[in-house]
There are 2 protein chains.
Amino acid sequence: MAVTIRDVAKAAGVSPSTVSRALSLPDIVDPTTRERVMKVADHLGYRPNRAARGLITGRTGNIGLILPDLANPFFPSIVKGIQQQAHIADYQVFVADTDEDPTAELGLVRSLAKQVDGIILCSPRMKPSELREAATYCPVVLVNRKAGSIPAVAMDNADGMRQVIDHLAGLGHRRIGFVAGPRSSWSTKERLRGLRAAAAAAAVELVELGHFAPTFDGGMESVEGTLIGGVTAVIAYNDLVALGLLSALRDRGIDVPSQVSVVGIDNIQLSAMVHPALTTLDIPKEKAGRTSIDLLLHLLGDPAAGTGPARELPTELLVRHTTAPAPTTTSEPSGRRRASRL
Amino acid sequence: MAVTIRDVAKAAGVSPSTVSRALSLPDIVDPTTRERVMKVADHLGYRPNRAARGLITGRTGNIGLILPDLANPFFPSIVKGIQQQAHIADYQVFVADTDEDPTAELGLVRSLAKQVDGIILCSPRMKPSELREAATYCPVVLVNRKAGSIPAVAMDNADGMRQVIDHLAGLGHRRIGFVAGPRSSWSTKERLRGLRAAAAAAAVELVELGHFAPTFDGGMESVEGTLIGGVTAVIAYNDLVALGLLSALRDRGIDVPSQVSVVGIDNIQLSAMVHPALTTLDIPKEKAGRTSIDLLLHLLGDPAAGTGPARELPTELLVRHTTAPAPTTTSEPSGRRRASRL
DNA sequence: GAAGAGTCTGAAACCGTTTGCAGGGCGATG
DNA sequence: CATCGCCCTGCAAACGGTTTCAGACTCTTC
């Protein structure tokens, strides 16, 4: 059915080997035959079977991508960056979504390992030991996580957290809450660390409000702790959580930003669409995706790989409309509420 | 490096053929040898090379998925449904994003065709003739589009539009606007047709407000036409457009829903998160994804395919807080505005 | 005890490509 | 004119599986 290298060879009056060479190593074959072969191949619409090629070269031309949840708007942006860069280098991308199930990750790596040249693990939730095991199955690059010597592209969380704290401290906030994400999330730990350091440096108090699902609903749940904590500003694990919190605050009649300031992280599209627009820490998502491919191709020794890429990407605070100067301490709007609820 | 069928054969003291049979046709091999082979295979961690298998069976176990824009929250939901169902049937999914470029679609089909057993084209923007051409390269299933005899899963747009119109008509709206999506979008035409029929049946006037990009920004741009049109309710091409429109209306101090009602389509997650929550037509996105896989596997004659699946999926209007009774005709808030702008 | 049927297994061919190796043709050189 | 080297090309093996075909063996049956 499909046109094979033999069909081309026969039509061009040469052997299959010559066709193969004409197409992949053009300079070692005679110009006139090369021309003829290419013309015939083009005319017949010949496209090499990548599986067959992969069988002998050991390269599939495929890359695997594993991530927790495509429905979280943070990830599609990364996927887009990855795809862009991968297609440029003529790789195809397998995408697999684990539905936030950490136990599914390793299984996916195993089943994917044979079919791909390398795997990108995006915000993996698995344990470090599993991560090491995963890396033994096939070349692996991490995004949003670091582990030992496995190549990784991460964000400069320390600097990002400093920017957020400095912004809030500059507005007069002295008691700042942090709504943490899942315990299994490396970013949670990393951001917490950055926040503690930055809070200490700015001489503000950091209140850790507990762990919540990295979703809108998780953010809504976190409102209780926020009120109890008696803080004037809250930093959310990500924008989705921030939006949930915003919504719950509104339901309780608490105004943002005059009574409480809220800061998100990620800068998902949505964060600019709501009202009031969310102040958030921009994460270069597409850039991270592209960089991870660069890193992987580099690891594979592919000549199409870019130059040694930056592995720690800068972030940038986008001040929009959910942050404002801290309310005067005497009114203490959330403190009153807290007392009544306890 | 990797463990092959020959390694297993040697370790089990049988020939490769027997190993192959033991694993794929268990009942034609002696139970004791089968046991032994399976144990050895398991112990060695043997996993058949799918590329090699595909070479001889002609099946890759891969499915291609082409869609316009992963950043549009409508699509990730579909992708999730597709992946779920595909993984159950032991297929892997290649995802490719065209960045809303209709000319890129056919090229992607061509380059993917050889590596997959079938392709799912999600909301394709290409012309019918190109669609027919695409279907000649490999088995194709359409989502959100119909074209000739190509298998497709679509939404019951006619009924959905009827629900929307009936809802608005019931609230007393007599002049209703529609913000259309891209001209190349099949859904736009389909919805327009459904709206015209429903509007005629309900004896309300339908005002077509022109074509806009299917994005938040597109929605913002559409606000001009909305005001000029002198309508009391607007139906947007999708939720993203509706949200953009909502935002622009707010910027101009026009209250929703008391002055203008707005209805979206898709029910993306986000639509429930904003304030006021968007009234929208729910589209069963994950279900559509799963159905498209059923359809494709059926087409491929795969026994894992579900029963002959429904191809036209029902929609459901979710009444939230952006629709309300039409303002009394005497005030005509947008009419005044219109006059001043013209 | 021989023939026949039936069950299980192994040898070999094949899928579509790449690549090491050898050989043919040709020009240059002595 | 013989020899050497070089450029180009074809043959054949290999990649890791599946599948056809034939043969070995066991078990009936007369």
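Because the structure is a prediction, the values reported are computed rather than measured.
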Nearest-neighbour nucleotide for the B/I5 side chain, D/dG17, C/dT9, C/dT17 considered | D/dG17

With heavy atoms under 4.0 Å as the rule, sort A/R50 into base, sugar-phosphate or nothing.
-> nothing

Out of D/dG17, C/dC15, D/dC15, minimum distance to the side chain of B/L55 belongs to C/dC15

Once you round it to whole Å, what is the distance between C1' of C/dT9 and CZ of B/R34?
-> 15 Å

Spatial distance of atom CG (B/L70) from atom CD1 (A/I82) [nearest 0.5 Å] | 11.0 Å

B/G81 backbone acceptor or donor facing B/R290 side chain under 3.5 Å = no

Verify the distance criterion only: is there a donor paired with an acceptor across the side chains of B/Q85 and B/D294 at less than 3.5 Å?
-> yes

Taking atom C1' of C/dG16 as reference, at what distance in whole Å does atom CZ of A/R6 sit?
-> 6 Å

Starting from the 5' end of DNA chain C, give me the residue, B/K114 or B/G13, whose nearest nucleotide shows up first.
-> B/G13

Between CG of B/D30 and C1' of C/dT9 the distance, given in whole Å, is 10 Å

Rounded to the nearest 0.5 Å, what separation is found between the CD1 atom of B/I88 and the CD1 atom of B/I293?
-> 10.0 Å

Below 3.5 Å, does any donor atom in the side chain of A/R53 face an acceptor in the base of C/dG16, or the other way round?
-> no

When you check the gap from the basic side-chain N to the acidic O, do B/E105 and B/K127 get nearer than 4.0 Å?
-> no

Residues in residues 14-25 of chain B with a heavy atom under 4.0 Å of DNA chain D, by number, are B/S17, B/S20, B/R21

Integer-rounded Å distance: D/dC21 P and B/I28 CD1 = 14 Å

Value in whole Å for how far the P atom of D/dG17 lies from NZ of B/K10 | 14 Å

Looking only at side-chain atoms of A/T57, point me to the closest of C/dC15, D/dC8, C/dT19.
-> C/dT19

How long is the line joining CG of A/D7 and C1' of C/dG16, in whole Å?
-> 11 Å

Atom-pair distance (CD1 on B/I56; C1' on D/dC15), nearest Å = 13 Å

Among the nucleotides D/dG16, C/dC8, C/dT17, whichever has the atom closest to the side chain of B/N49 is D/dG16

Cationic N near anionic O, under 4.0 Å, A/K80 to B/D69 = yes

Does C/dT9 have OP1 or OP2 sitting under 4.0 Å from an N or O in the side chain of B/T33?
-> yes

May I ask you to verify if any side-chain N or O of B/Y46 is less than 4.0 angstrom from the OP1 or OP2 atom of D/dG16?
-> no

Can any side-chain N or O of A/S24 pair as donor or acceptor with the backbone N or O of A/S20 at less than 3.5 Å?
-> yes

Rounded to whole Å, CZ of B/R36 lies from C1' of C/dT9 at a distance of 11 Å

